[in-house]
Protein chains: 2
Amino acid sequence: MAAALRVLDAEGMDGLSMRRVGEELGTGAASIYWHVRNKEQLLQLVFERVIEEAKLPEPDPWRWQEQLRVFADQMRAVLKSHRDVARLTLGRVPSGPALAVVSEWLFTLLTPVGIPDQVIAYLGDLFGLYVGAFTFEESLGTASFTGTDLSPEQFFTMLKDYLLSLPEDRFPHTRGAVDVLFGGSRDDRYAFGIDLMLRGLESYATKAPR
Amino acid sequence: MAAALRVLDAEGMDGLSMRRVGEELGTGAASIYWHVRNKEQLLQLVFERVIEEAKLPEPDPWRWQEQLRVFADQMRAVLKSHRDVARLTLGRVPSGPALAVVSEWLFTLLTPVGIPDQVIAYLGDLFGLYVGAFTFEESLGTASFTGTDLSPEQFFTMLKDYLLSLPEDRFPHTRGAVDVLFGGSRDDRYAFGIDLMLRGLESYATKAPR
DNA sequence: CGAGCTTATCGAACGATGTTCTATGAGGAA
DNA sequence: TTCCTCATAGAACATCGTTCGATAAGCTCG
């Protein structure tokens, strides 16, 4: 059932209509409503289905930072492996089982180094939010953008030129740092966010794992 | 022009149709397309209009952490002050002027404490992403949720019960921490994210401001 | 004055969407 | 055979973003 939807997801999210799904199944559009209450529910099923693809390594508290990094990369890779699934993450809570597994994984990884339970709990949320939001923007990507019909490259060079045209006395730093503002790959930006959170987490880690 | 849209934004985003906007203006729906190319562009205008409401304090590097915190709270407050505007932030780049102002503010605030330019640049992105994503979820809030027609309270207590029904040997931490997982106000969760980033930033701050 | 241009609006229509309703079968159990 | 469930089909509804052509109102310029 939800399997035929993956086929659809592989051809994009806009244009994922009920009729299109029905066509994919060889049935009509209305037939779907027997299996599923809403389109919303259908999307939720797709979402959960994809989330379950993530595999977690055996938690090793001695290398908790590295493992969190791997976890973050994993999640992003999974979300990006299916077209537009990233757009479904925000505001969705993963299905019960997946939630439990990730939660337990985080606790067994981080409790031994002295990080408080409350911090771990919030961190799970935060991680999910970050990877969700980042891949979300990545998924929107270069689409439509600002309502103008400029290509993303055009748009960015325009913005760049604008920043360079700023009065030098009022925007000295920004003018000088325009290259560093727009430079950097997406991977770098993603890694930076994870890194910043990890650095923050270190200030909570009091013990060495025993 | 964009003024009449704020009135509409005050009555929700679903149901913000071109026809409704036209009605608000006392004109038809098609008339809008003379002023604006797309609905996308119209939303962009609304977004920029709202972003400009944010006021930044005079940057004071001696209290950079406190000021970043109030900045974050400011942004969230602004995004929440207009219904559903939060849903527009993700994937959007603020209009040129606003971008320049915020960027300059960040540089003058953080450069004096020794934080590298590259970090500041990425941080601007990250902050925007975080506040955008958080308010986004807040805006979706309790709507529709998982495709089921349960109220959010019902949903959460169900999820809670599920976690408590887990086998104790395989999910010891999660079972024990179920209250801390679901406890905590939204404000607390938001503050935690900001806090974690600030703690991470501290590890970049090498100098005391002079 | 009036011709022509820009500015702005209007109504009708098109195609597409999510969803509902009702009718209609297929397949097994009684 | 009869009945019940599982599943599908088609038609229709309301709504949406968008396009098109016609139509004025207000201005400038000859």
Side-chain angles (χ1 to χ4, degrees), chain A residues 1-49 83-85 87-92 139-150, chain B residues 1-49 83-85 87-88 90-92 139-151:
Chain A
M1 180 60 207
L5 315 184
R6 200 63 11 70
V7 192
L8 254 181
D9 187 77
E11 26 174 315
M13 164 123 200
D14 304 330
L16 188 161
S17 54
M18 291 289 126
R19 291 166 172 79
R20 187 69 193 77
V21 176
E23 179 184 338
E24 190 73 28
L25 286 166
T27 80
S31 308
I32 309 176
Y33 286 83
W34 191 92
H35 302 267
V36 131
R37 194 185 308 262
N38 268 345
K39 180 177 189 179
E40 184 61 31
Q41 188 176 96
L42 190 152
L43 294 180
Q44 173 77 17
L45 290 179
V46 174
F47 168 66
E48 296 180 357
R49 170 57 220 284
R83 170 116 87 112
D84 289 343
V85 185
R87 296 198 215 176
L88 306 177
T89 61
L90 259 359
R92 282 204 165 74
S139 166
L140 291 183
T142 66
S144 70
F145 243 101
T146 54
T148 66
D149 50 357
L150 279 63
Chain B
M1 180 62 205
L5 314 185
R6 198 63 13 69
V7 191
L8 255 182
D9 187 79
E11 26 174 314
M13 165 121 199
D14 304 330
L16 188 161
S17 54
M18 291 289 127
R19 291 167 172 76
R20 187 71 192 75
V21 176
E23 181 184 336
E24 189 74 27
L25 286 166
T27 81
S31 310
I32 309 176
Y33 286 84
W34 190 92
H35 303 267
V36 133
R37 193 184 310 260
N38 268 343
K39 181 178 189 181
E40 183 62 29
Q41 188 175 98
L42 190 153
L43 295 179
Q44 172 77 17
L45 290 179
V46 173
F47 168 65
E48 296 181 357
R49 170 57 217 285
R83 169 116 88 112
D84 289 342
V85 183
R87 296 198 213 176
L88 306 177
L90 259 357
R92 281 204 167 74
S139 167
L140 290 185
T142 65
S144 68
F145 243 102
T146 54
T148 66
D149 51 358
L150 279 64
S151 85

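Throughout, protein chains are lettered first and strands after them, A, B, ... in sequence-line order, and every chain is numbered starting at 1.
- Between A/Arg19 and A/Glu23, no side-chain nitrogen of the basic residue sits less than 4.0 Å from a carboxylate oxygen of the acidic one, so the salt-bridge criterion is not met.
- We find that CD1 of A/Ile32 is positioned 13 Å from P of C/dT20, with the value rounded to whole Å.
- Proximity of B/Leu140 to A/Arg92: side-chain heavy atoms (C-beta onward) are nowhere separated by under 4.5 Å.
- Between the CG atom in B/Asn38 and the CG atom in B/Leu43 there is a gap of 9.5 Å [rounded to 0.5 Å].
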Reading 5' to 3' through nucleotides 10-22 of chain D, protein heavy-atom contacts under 4.0 Å coded B for base, S for sugar-phosphate only, - for none: B-B---BBBBB--
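- Scanning all heavy atoms of the two residues, the minimum distance from B/Leu16 to B/Lys39 falls at O-NZ, 2.9 Å.
- At its two ends the helix from C/dC1-D/dG30 to C/dA30-D/dT1 runs along axes set 20° apart, each axis drawn from five pairs and the angle rounded to 10°.
- Side-chain contact of B/Gln44 with B/Glu40: a donor-acceptor pair under 3.5 Å is absent, judged by distance alone.
- Taking 4.0 Å as the cut-off between side-chain N and carboxylate O, B/Arg83 and B/Asp14 do not count as a salt-bridged pair.
- OP1 or OP2 of C/dC10 has at least one side-chain nitrogen or oxygen of B/Thr27 nearer than 4.0 Å.
- Heavy atoms of A/Gly26 sit under 4.0 angstrom from primed sugar atoms or phosphate atoms, though from no base atom.
- Rounded to whole Å, atom C1' of C/dT17 lies 14 Å from atom CG of B/Asp14.
- Nearest heavy-atom pair, B/Ser139 versus B/Asp84, reported as atom, atom and distance to 0.1 Å: OG-OD1, 3.1 Å.
- Side-chain contact between A/His35 and A/Leu45: absent, with no pair of heavy atoms (C-beta onward) separated by less than 4.5 Å.
- Residue B/His35 places no side-chain N or O under 4.0 Å from the OP1 or OP2 atom of C/dT7.
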